[in-house]
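Only a predicted model underlies this, so the values are computations on that prediction, with no experimental measurement involved. We number each residue from 1, following the sequence as shown.
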Amino acid sequence: MTTRVVIVDDQAMVRAGFAALLAAQADIDVVGEAPDGAQGVELSRRTRPDVVLMDVRMPEMDGLEAARRLLSPPPGVTHRPRVLMLTTFDVDDYVYEALRAGASGFLLKDAPPADLIAAVRVVASGDALLAPSVTRRLIADFVRQRPATRGRPALRLKALTERETEVLTLVARGRSNTEIAQTLVLAEQTVKTHVSRVLTKLDLRDRAQAVVFAYESGLVTPGE
């Protein structure tokens, strides 16, 4: 199955480099490029990609606003691609807000080419959080600065069973389904079922939002 990708970045050389690298993969098809968020949203609505690579800082409309529009579309628009944020900083307030808005993860622009290819495949699959160690550090840094946001999310934890809470904790620590299965001595399919139930009960879109929720609720604390 081919993954359809749109690249949104205000630097033409970045777009061209990423496009050439991804288009060389047999399972990835670059269906378009855009120089700013507004054009990126319009292009994505027209081409319906599976994944949008979205730069954080751009003129006209930044990546955060563009991600919000793609992930919370107006009535009548049913397509919601997965959004992978691109940034030059490994700790960036915009990236944190993008994860809260529903972005599936983020990637540093200077990451090795193999990481970009793997990131697109991971985000397209929806099965794992991209770069968990870096993403956990990013979220931990900002949660440390926003302790007042934890009270309300903590109440929602009561909807989870003990096993679902254990699974959410391990997801927040960056564990894959395979690693969670080994830790809890469960079948991997059972773990997938628990993750799905956690997302449904907490009204979360994907694992990235689950990590944000786990930190904000206090289930997982920075430094653990």
Side-chain angles (χ1 to χ4, degrees), residues 1-9 11 13-34 40 44 47-57 63 66-67 70-71 80-92 94-96 98-99 101-140 167 170-183 188-189 191-192 195-196 199 204-212 214:
M1 181 176 175
T2 301
T3 297
R4 294 165 55 82
V5 177
V6 159
I7 302 169
V8 186
D9 194 294
Q11 294 182 305
M13 290 186 66
V14 171
R15 295 197 307 272
F18 283 3
L21 179 64
L22 294 173
Q25 310 307 308
D27 60 336
I28 298 176
D29 184 14
V30 178
V31 297
E33 304 172 27
S44 296
T47 59
R48 301 173 68 85
D50 301 300
V51 176
V52 176
L53 294 179
M54 182 76 72
D55 187 20
V56 171
R57 302 175 188 275
L70 289 175
L71 297 169
R80 293 202 310 172
R82 294 191 174 275
V83 176
L84 174 60
M85 305 303 297
L86 301 171
T87 180
T88 54
F89 305 97
D90 63 354
V91 176
D92 190 309
Y94 281 94
V95 179
Y96 175 83
L99 288 173
S104 295
F106 77 98
L107 184 71
L108 299 180
K109 284 188 177 182
D110 60 357
D115 286 2
L116 172 65
I117 297 168
V120 169
R121 290 170 176 156
V122 166
V123 170
S125 74
D127 189 45
L129 176 65
L130 173 68
S133 61
V134 181
T135 302
R136 279 189 286 117
R137 189 179 75 248
L138 170 88
I139 295 171
V167 169
L170 293 173
V171 167
R173 289 174 178 162
R175 304 288 180 82
S176 67
N177 285 345
T178 300
E179 291 169 335
I180 294 173
Q182 292 172 346
T183 300
E188 190 168 343
Q189 185 57 50
V191 172
K192 290 182 180 180
V195 171
S196 178
L199 298 180
L204 303 173
R205 184 167 186 261
D206 57 21
R207 296 170 80 104
Q209 285 196 320
V211 173
V212 173

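- Among residues two or more places apart in sequence or in another chain, the side-chain hydrogen bond (donor to acceptor under 3.5 Å, both in side chains) test is passed with Thr183 by Arg175.
- In terms of modelled atom types and a separation under 3.5 Å, the side chain of Asp29 and the main chain of Val31 share no donor-acceptor contact.
- Between the CZ atom in Arg207 and the OG atom in Ser104 there is a gap of 11.5 Å [rounded to 0.5 Å].
- The two atoms that bring Ala103 and Met85 nearest to each other are CB-CG, 4.0 Å, heavy atoms only.
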Tell me which donor-acceptor pairs under 3.5 Å the side chains of residues 49-56 have, and how far apart each pair is, sequence neighbours excluded?
{"from": "Asp50", "atom 1": "OD2", "to": "Arg4", "atom 2": "N", "distance (Å)": "2.7"}
{"from": "Asp55", "atom 1": "OD1", "to": "Lys109", "atom 2": "NZ", "distance (Å)": "3.2"}
{"from": "Asp55", "atom 1": "OD2", "to": "Lys109", "atom 2": "NZ", "distance (Å)": "3.3"}

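- For Gln182, the side chain to side chain contact (heavy atoms under 4.5 Å, CB included) criterion is met by Thr178, not counting sequence neighbours.
- With Arg80 contributing its side chain and Leu71 its backbone, the two residues share a donor-acceptor pair below 3.5 Å.
- Once rounded to the nearest 0.5 Å, the distance linking CD of Glu179 with CD of Glu188 reads 10.0 Å.
- The salt bridge (Lys or Arg N to Asp or Glu O under 4.0 Å) test applied to Asp27 returns Arg121, not counting sequence neighbours.
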Next item on the list: Test Val6 against Arg48 for side-chain contact (heavy atoms from CB on, under 4.5 Å), laying out the working first.
Entry: CA-CA 9 Å; Val6 159; Arg48 301 173 68 85; over 6 Å; no
Enumerate donor-acceptor pairs with a distance under 3.5 Å from any side-chain N or O in residues 17-24 to protein atoms, sequence neighbours excluded.
none

Kindly determine whether Val5 and Ile7 satisfy side-chain contact (heavy atoms from CB on, under 4.5 Å), including the steps that lead there.
-> CA-CA 7 Å; Val5 177; Ile7 302 169; 4.3 Å; yes
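- Counting only heavy atoms from C-beta outward, the side chains of Ile28 and Thr2 never approach each other to under 4.5 Å.
- Distance CG/Asp9 to CG/Leu86: 6.5 Å, rounded to 0.5 Å.
- When atom types are taken as modelled, the side chain of Ser44 and the backbone of Gly40 share a donor-acceptor pair closer than 3.5 angstrom.
- Contact detail for Leu107 and Leu84: the closest heavy-atom pair is N-CD1, 4.2 Å.
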